[in-house]
Amino acid sequence: QVYLVESGGGSAQAGGSLSLSCTASGSSSTIADIMLMGWFRQAPGKEREWVATASFTTDITQVARSVEARFTISRDHIETAISLRMNNLEPEDTAMYYCAAGRFGRWSTSTSYDYWGTGTQVTVSS
């Protein structure tokens, strides 16, 4: 079993910045199988939306086109952990942000991820 713990959510004014972090813990053998970790978000009344993913087998990262000019995902090279830096926040970024981890599959598809965190709330006011 793998547990994903998110941190760093909170409130910000439009134009501000926030950083989210997610660390995997649990069975070392299962953690070693993780090949990708990413972030999804879900706003009230909307479907869950992919935000960004980082590969743990290469240095490749990918960010959704809708936020790529403002968001950056990075991975830790020691722990199984990722961070999401969100700049120039907009009220439309308000959502619950979920960390996810998996082994393979299309990065933007939620079914590619086997493990999910409980989410951290991001609220952006205008």
Side-chain angles (χ1 to χ4, degrees):
Q1 181 64 22
V2 172
Y3 302 93
L4 302 178
V5 179
E6 303 114 331
S7 62
S11 299
Q13 295 282 336
S17 299
L18 286 173
S19 290
L20 306 182
S21 296
C22 175
T23 302
S25 65
S27 163
S28 57
S29 60
T30 307
I31 288 176
D33 287 340
I34 292 174
M35 295 183 182
L36 50 101
M37 288 183 70
W39 294 95
F40 287 74
R41 67 184 183 182
Q42 187 167 18
K46 294 189 177 181
E47 293 188 353
R48 189 168 294 191
E49 172 190 22
W50 172 71
V51 177
T53 295
S55 169
F56 275 71
T57 58
T58 69
D59 285 329
I60 296 174
T61 62
Q62 193 170 23
V63 181
R65 191 164 295 180
S66 60
V67 298
E68 66 181 353
R70 302 182 293 116
F71 290 10
T72 302
I73 186 171
S74 59
R75 56 161 284 196
D76 192 291
H77 285 79
I78 299 177
E79 290 188 311
T80 305
I82 55 172
S83 297
L84 184 70
R85 177 66 176 177
M86 304 182 292
N87 295 324
N88 194 21
L89 285 162
E90 302 172 353
E92 292 73 23
D93 295 319
T94 295
M96 185 71 79
Y97 284 70
Y98 296 92
C99 177
R103 292 174 295 164
F104 52 83
R106 184 185 295 269
W107 287 12
S108 60
T109 303
S110 61
T111 54
S112 299
Y113 300 83
D114 303 301
Y115 307 101
W116 292 83
T118 57
T120 185
Q121 178 68 38
V122 170
T123 303
V124 183
S125 56
S126 57

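Every value quoted in this text rests on a predicted model; they were computed, and no experiment measured them.
Alongside W116, the hydrophobic cluster contains L36, F40, W50, I60, M96, Y98, W107, Y113 (criterion: ILVMFWY side chains under 4.5 Å). Counting Ile, Leu, Val, Met, Phe, Trp and Tyr side chains that sit under 4.5 Å apart, directly or through other members, M35 stands alone, with no cluster partners.
M37 CE to T61 OG1: the interatomic distance, rounded to the nearest 0.5 Å, is 14.0 Å. In this structure, S110 OG and E47 CD are separated by 9.5 Å, a value rounded to the nearest 0.5 Å. Rounded to the nearest 0.5 angstrom, T57 OG1 and I34 CD1 are separated by 12.5 Å.
Closest approach of G102 and D114 over heavy atoms only: CA-OD2, 3.7 Å. The two residues Q121 and A95 come nearest to each other via the heavy atoms NE2-O, 3.4 Å. Here the shortest heavy-atom pairing between V2 and A24 reads CG1-CB, 4.0 Å.
Residues in residues 57-96 take part in no disulfide (SG to SG under 2.5 Å) pair, two or more places apart or across chains. Among pairs with a residue in residues 27-40, those fulfilling side chain to side chain donor-acceptor pair (under 3.5 Å) read S27-S29, S27-T30, at least two apart in sequence or across chains. Legend: disulfide (SG to SG under 2.5 Å) pairs involving residues 63-100, not counting sequence neighbours, sorted by first then second residue: C22-C99. Applying the side chain to side chain donor-acceptor pair (under 3.5 Å) test to pairs two or more places apart or on separate chains, those with a residue in residues 72-83 are D59-H77. Among residues at least two apart or in separate chains, there is no disulfide (SG to SG under 2.5 Å) pair with a member in residues 25-97.
For Q1, the side chain to side chain contact (heavy atoms under 4.5 Å, CB included) test picks out Y3, Y115, with sequence neighbours left out. R70 is linked by a side-chain hydrogen bond (donor to acceptor under 3.5 Å, both in side chains) to D93, counting only residues two or more places apart in sequence or in another chain. Under the side-chain hydrogen bond (donor to acceptor under 3.5 Å, both in side chains) criterion, S125 pairs with no residue, sequence neighbours left out. For S19, the side-chain hydrogen bond (donor to acceptor under 3.5 Å, both in side chains) test picks out R85, with sequence neighbours left out. In this structure, T109 has no side-chain hydrogen bond (donor to acceptor under 3.5 Å, both in side chains) partners at least two apart in sequence or on a different chain.
Looking only at distances, no side-chain donor or acceptor of T123 sits under 3.5 Å from a matching main-chain atom of S11.
Residues Q13 and L89 are not in side-chain contact: their nearest non-hydrogen atoms beyond the backbone lie 4.5 Å or more apart. Residues E6 and L20 fail the side-chain proximity criterion, which asks for heavy atoms closer than 4.5 Å. Taking 4.5 Å as the limit, every side-chain heavy atom of E49 sits out of range of all side-chain heavy atoms of V67. Taking the side chain as every heavy atom from C-beta outward, V124 and M86 never approach each other to under 4.5 Å.
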